[in-house]
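Everything below concerns the one structure shown next.
Excluded from the calculations below are hydrogen atoms, water molecules and symmetry mates; all remaining heavy atoms, backbone and side chain alike, are included. Order of listing sets the numbers, starting from 1, for every ligand and every atom in it.
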Amino acid sequence: MISALAGLGMITGMDIDLTGRTALVTGSTKGIGLAIAAGLARAGASTVVNGRSKASVDSALDTLRSQVPGAKLQGVAADVATADGAETMREQVPDLDILVNNLGIFEARPVLDIDDDEWRRYFEVNVLSGVRLARLYLPGMTERGWGRVQFIASDSAVVTPEEMVHYGMSKTALLAVSRGYAKAAAGTGVTVNTVLAGPTHTAGVEKFVGELVGDDLPWDEAQRRFMAEHRPNSLLKRLIEPEEIANMVVYLSSEHASATTGGAVRVDGGYVDAILP
Ligand SMILES: NC(=O)c1ccc[n+]([C@@H]2O[C@H](COP(=O)([O-])OP(=O)(O)OC[C@H]3O[C@@H](n4cnc5c(N)ncnc54)[C@H](OP(=O)(O)O)[C@@H]3O)[C@@H](O)[C@H]2O)c1
């Protein structure tokens with residue numbers, strides 16, 4: 001046992017050093033993606049920020065430069081929900097060590113009102129975007145013998161939300177895709193995992209909370225009421241901060257997480273009432 005572990009080196013603490021690694025976070029001009037990009041950059045990774053417009057990417061780069069002085073950053077404006085966008089990304093960033101498929105859209109819509117185009121759109125943006133990028137970058141990782149691929153899913157992957165079944169479908173699909181890619185990378189030094197994020201404090205969710213409980217309340221009170229009335233299953237009893245999702249992603253991107261692959265890791269504040277994902 002000791003000799004089998006000897007080559008991995010002695011881990012003496014949880015300091016995470018991603019110096020020399022190149023990381024891409026899709027959809028990282030705001031919200032959870034921006035926090036993940038900051039976390040990876042802080043850990044020393046050369047980090048690629050992505051959004052659809054040059055203006056939003058430049059603004060995110062400015063934010064990151066002020067949050068993480070000395071960060072190694074690159075911006076790529078590309079709609080990675082399309083094949084052309086994925087190719088643009090590949091041209092500008094030929095190789096990656098860490099791929100975080102964070103891009104995802106969500107919107108409430110009664111299930112019987114979701115037409116074929118909308119089902120396809122959710123599949124293309126939330127699932128196929130990550131499938132394509134993993135297909136483009138995984139072979140390089142396996143050849144080099146090291147890599148990390150992560151898909152950001154949601155509690156909705158395992159508890160289908162009645163108000164957005166198309167979103168739930170797309171997040172459930174990511175669990176299968178992630179597990180499948182992990183099998184394709186078996187024994188190569190590349191890990192593939194899904195992170196199940198729970199209700200998180202992003203600008204979009206803050207607006208949503210205001211609409212539900214009234215936007216004249218102080219934030220702490222609005223959040224407390226939202227959680228009590230609309231998310232009573234949460235054991236955290238508050239929204240998750242984007243940095244708390246990012247912490248898990250940075251850990252999974254590190255050497256420390258070398259034995260975690262083919263899994264789904266919850267950062268949901270205990271929202272899903274289950275022991276396993
Ligand atoms: N917020 C939550 O409570 C929550 C809970 C569970 C899971 N999640 C998941 O976490 C992920 C991030 O969610 P979020 O709430 O942080 O999202 P968000 O605040 O809405 O941010 C979405 C990001 O994606 C970018 N984007 C949108 N379409 C794009 C495209 N086609 N190509 C490239 N970039 C694109 C946007 O940038 P531009 O506008 O600049 O293109 C933006 O940076 C999603 O997968 C979501 O499903 C969120």
Side-chain angles (χ1 to χ4, degrees), residues 24-39 48-64 75-89 92-93 100-108 121-130 132-133 150-161 164 166-175 177-178 194-209 212 223 226-227 230-231 234 236 238-246 248-249 264-269 271-272 277:
L24 162 63
V25 186
T26 63
S28 48
T29 61
K30 59 182 176 180
I32 295 169
L34 182 61
I36 294 172
V48 182
V49 174
N50 162 248
R52 286 162 297 181
S53 74
K54 184 173 179 321
S56 64
V57 170
D58 286 347
S59 159
L61 289 173
D62 285 346
T63 304
L64 289 172
V76 177
D79 181 346
V80 295
T82 67
D84 285 352
E87 273 308 323
T88 301
M89 180 61 72
Q92 297 195 29
V93 185
V100 182
N101 287 305
N102 166 76
L103 165 61
I105 52 171
F106 46 98
E107 187 187 19
R121 189 166 83 94
Y122 269 73
F123 179 75
E124 293 202 356
V125 177
N126 288 4
V127 185
L128 199 48
S129 60
R132 275 199 200 98
L133 290 172
Q150 294 172 54
F151 295 86
I152 306 302
S154 160
D155 50 82
S156 299
V158 289
V159 182
T160 305
M164 43 183 186
H166 52 349
Y167 175 71
M169 170 281 297
S170 70
K171 295 298 177 181
T172 307
L174 290 181
L175 300 181
V177 168
S178 174
T194 306
V195 173
L196 301 188
T200 303
H201 181 192
T202 57
V205 169
E206 195 167 319
K207 186 164 164 280
F208 182 62
V209 168
L212 284 176
Q223 179 177 194
F226 170 77
M227 294 306 289
H230 299 279
R231 297 291 182 274
S234 166
L236 199 61
R238 62 167 173 79
L239 289 168
I240 298 158
E241 291 301 319
E243 291 71 22
E244 294 176 288
I245 312 287
M248 178 62 79
V249 173
V265 179
R266 284 165 54 189
V267 191
D268 69 341
Y271 181 73
V272 176

request  = Kindly indicate whether the side chain of Val267, heavy atoms from C-beta on, has any atom under 4.5 Å from the side chain of Val195.
outcome  = yes

key: Student check: side-chain heavy atoms of Val265 and Met248 closer than 4.5 Å   = yes

key: Residue pair Ser56, Ser59: steps toward the side chain to side chain donor-acceptor pair (under 3.5 Å) verdict   = CA-CA 5 Å; Ser56 64; Ser59 159; over 6 Å; no

remark   = Sorted by chain and residue number, the residues with a non-hydrogen atom under 4.0 Å of ligand 1 are Gly27, Ser28, Thr29, Lys30, Gly31, Ile32, Asn50, Gly51, Arg52, Ser56, Ala78, Asp79, Val80, Ala81, Asn102, Leu103, Gly104, Phe106, Ile152, Ala153, Ser154, Tyr167, Lys171, Ala197, Gly198, Pro199, Thr200, Thr202, Val205

query = Should Arg238 and Glu244 count as an ion pair when the cut-off is N to O under 4.0 Å?
reply = yes

ask   = With side chains defined as the heavy atoms from C-beta onward, is the minimum distance between Ile36 and Ile152 less than 4.5 Å?
value = yes

Separation between CG of Asp155 and CD1 of Ile240, rounded to the nearest 0.5 Å = 8.0 Å

